[in-house]
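Remember, it's a predicted structure, so these values are computed and weren't measured experimentally.
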Amino acid sequence: MTGEERIEQFAGLVRDSRNIVFFGGAGVSTESGMKDYRSEDGLYNTVRQYKVPPETILSRSFFYQHPDVFYDFYYHFFLDTSAEPNRAHFALAKLETMGKLRAVVTQNIDGLHQRAGSQNVIELHGTVTKHHCPVCHTFMPAEEIRALEGRVPKCRKCGAVVKPDVVLYEEPLDEEVIRRAVGAISSADLMIVGGTSLAVYPAAGFLRYFGGRAMVLINRDETPYDSMASLVFRERIGEVLSGVMGKI
Ligand code: ZN
């Protein structure tokens with residue numbers, strides 16, 4: 001099949017679906033210019049600058065032991081960015097408006113889906129758009145965190161270090177979020193998976209709940225689930241989804 005024929009086939013699946021669920025990972029955000037700390041460059045630079053790998057910095061124990069290092073890294077990788085939603089985010093928001101897409105399940109924490117207009121976004125790893133005091137649960141607006149430019153935010157009520165509403169390494173996923181993700185995936189008729197290699201737990205585990213008609217996979221590299229998919233695209237996800245939107 002040519003690329004054009006595969007896009008046409010994908011568009012046909014979308015036309016026949018009323019309950020699409022999108023499951024996405026880092027690749028969706030990197031097309032918006034978000035820095036990817038898991039990429040070779042990100043990893044190399046982090047270790048050189050901070051002397052520890054990003055997974056260590058983004059762990060619960062490290063957060064409490066070295067909040068100053070954590071917030072410096074967090075600010076540079078997640079808050080100090082001019083990233084804007086891209087064609088993939090906008091296509092998914094449009095599919096939801098059209099009544100075709102029920103939910104976006106994402107491993108990303110940047111809030112770009114919501115900025116593109118998506119309403120039902122299930123954020124498996126939380127979000128950098130919200131921060132709370134872990135002691136007294138006082139909310140701190142993201143603008144205040146950003147204004148600190150990487151310095152440690154303190155709770156205005158009790159003085160404790162404020163924590164992003166992000167699931168750190170060593171922390172479990174939120175049970176209510178898991179329940180919503182499983183509910184959406186298990187009732188989907190078409191599953192679109194994009195920008196994730198599906199190599200890392202728990203991402204791959206969620207796909208087990210899908211029992212719908214077809215799965216479409218869009219990822220630069222091969223994934224363990226390619227053989228389960230009706231269609232596989234190696235092209236950029238923004239390009240593929242906007243191509244599809246032009247045909248439905
Ligand atoms: Zn507090």
Side-chain angles (χ1 to χ4, degrees), residues 1-32 85-108 111-124 177-199 202-248:
M1 262 194 296
T2 65
E4 189 72 2
E5 283 166 344
R6 283 182 306 131
I7 291 281
E8 181 53 55
Q9 202 171 332
F10 189 178
L13 288 171
V14 170
R15 277 194 296 268
D16 295 342
S17 300
R18 303 189 56 81
N19 196 344
I20 302 170
V21 168
F22 176 78
F23 186 95
V28 179
S29 294
T30 48
E31 285 187 25
S32 279
N86 62 53
R87 292 185 293 174
H89 296 105
F90 287 115
L92 294 165
K94 178 87 168 57
L95 285 172
E96 187 180 19
T97 310
M98 291 166 72
K100 292 200 158 288
L101 183 136
R102 289 285 173 83
V104 168
V105 180
T106 181
Q107 301 170 76
N108 300 330
L112 289 174
H113 284 291
Q114 289 91 334
R115 279 175 57 196
S118 284
Q119 300 286 321
N120 190 23
V121 183
I122 302 170
E123 296 170 303
L124 295 176
V177 172
I178 294 177
R179 200 188 57 73
R180 286 176 61 208
V182 168
I185 291 167
S186 58
S187 63
D189 56 3
L190 171 63
M191 183 100 182
I192 305 172
V193 181
T196 171
S197 61
L198 294 170
F206 282 97
L207 298 194
R208 285 190 290 125
Y209 294 97
F210 178 63
R213 220 156 35 89
M215 184 189 288
V216 176
L217 250 162
I218 312 162
N219 195 53
R220 199 183 48 194
D221 307 310
E222 207 174 303
T223 85
Y225 284 77
D226 285 6
S227 60
M228 272 179 61
S230 307
L231 283 167
V232 176
F233 292 89
R234 294 269 172 263
E235 294 86 350
R236 290 164 69 88
I237 184 165
E239 198 177 308
V240 174
L241 290 183
S242 54
V244 167
M245 295 310 286
K247 290 184 181 292
I248 55 173

Do you know which two heavy atoms are closest between R15 and K247, and how far apart they sit?
NH1-O, 2.7 Å
Tell me, please, which residues at least two apart from R234 pass salt bridge (Lys or Arg N to Asp or Glu O under 4.0 Å).
D226
Check: V244 and E8 side chains under 4.5 Å, non-hydrogen atoms:
no
Does F23 reach the side chain of L198, with side-chain heavy atoms less than 4.5 Å apart?
yes
Side-chain contact, heavy-atom cut-off 4.5 Å: F22 with V105?
no
Does the side chain of E235 reach to within under 4.5 Å of the side chain of R6, using non-hydrogen atoms?
yes
Shortest non-hydrogen contact from R213 toward D16
NH2-O, 3.5 Å
Short side-chain to backbone donor-acceptor contact, K94 and M245, under 3.5 Å:
no
Taking the side chain as C-beta and beyond, is there a heavy-atom pair between N120 and V104 under 4.5 Å?
no
Is there a side chain to side chain contact (heavy atoms under 4.5 Å, CB included) between I237 and R87? Walk through the geometry before answering.
CA-CA 8 Å; I237 184 165; R87 292 185 293 174; over 6 Å; no
Steps toward side chain to side chain contact (heavy atoms under 4.5 Å, CB included) verdict (L217, L231):
CA-CA 6 Å; L217 250 162; L231 283 167; over 6 Å; no
Name all pairs fulfilling the salt bridge (Lys or Arg N to Asp or Glu O under 4.0 Å) condition that reach into residues 179-195, sequence neighbours left out, sorted by first residue then second.
E176-R179
Atom pair OG1 (T223) and CD1 (I218), whose distance is rounded to the nearest 0.5 Å:
12.0 Å
If only atom types and distance count, is the side chain of E96 paired as donor or acceptor with the main-chain N or O of A93 below 3.5 Å?
no
Once you round to the nearest 0.5 Å, how far does OG of S227 lie from CD of E222?
9.5 Å
Just to verify, what does V182 make a side chain to side chain contact (heavy atoms under 4.5 Å, CB included) with, not counting sequence neighbours?
I178, F206, Y209
Ring center gap for F10 and F233 short of 6.0 angstrom:
yes
Indicate yes or no: at least one non-hydrogen side-chain atom of I20 is less than 4.5 angstrom from one of I192.
yes
If you compare all heavy atoms of N219 against all heavy atoms of S197, which two are closest, and at what distance to 0.1 Å?
ND2-CA, 3.7 Å
Heavy-atom closest pair (S32 atom, H89 atom, distance to 0.1 Å) is OG-CE1, 3.4 Å
Under 3.5 Å side-chain donor-acceptor pair for Q9 and E4:
no
Take L190 and V216 through the side chain to side chain contact (heavy atoms under 4.5 Å, CB included) test and state the conclusion after the steps.
CA-CA 8 Å; L190 171 63; V216 176; 4.1 Å; yes
Roughly how far, to the nearest 0.5 Å, is the CE atom of M98 from the CG atom of L95?
6.0 Å
Indicate whether any N or O donor in one side chain lies under 3.5 Å from an N or O acceptor in the other, for N108 and S29.
yes
Note: E31-R220 ion pair, threshold 4.0 Å (strictly below)
no
M215 vs L207 side-chain heavy atoms within contact, under 4.5 Å
yes
Of the non-hydrogen atoms in L92 and S118, which two are nearest, and what is the gap between them?
C-OG, 4.2 Å
Contact check, side chains of V121 and T106, non-hydrogen atoms, under 4.5 Å
yes
Distance-only, no hydrogens or angles: does the K100 side chain make a donor-acceptor pair with backbone N or O of S17 under 3.5 Å?
yes
If you take all heavy atoms of A214 and L13, which pair is closest and at what distance?
CB-CD2, 3.9 Å
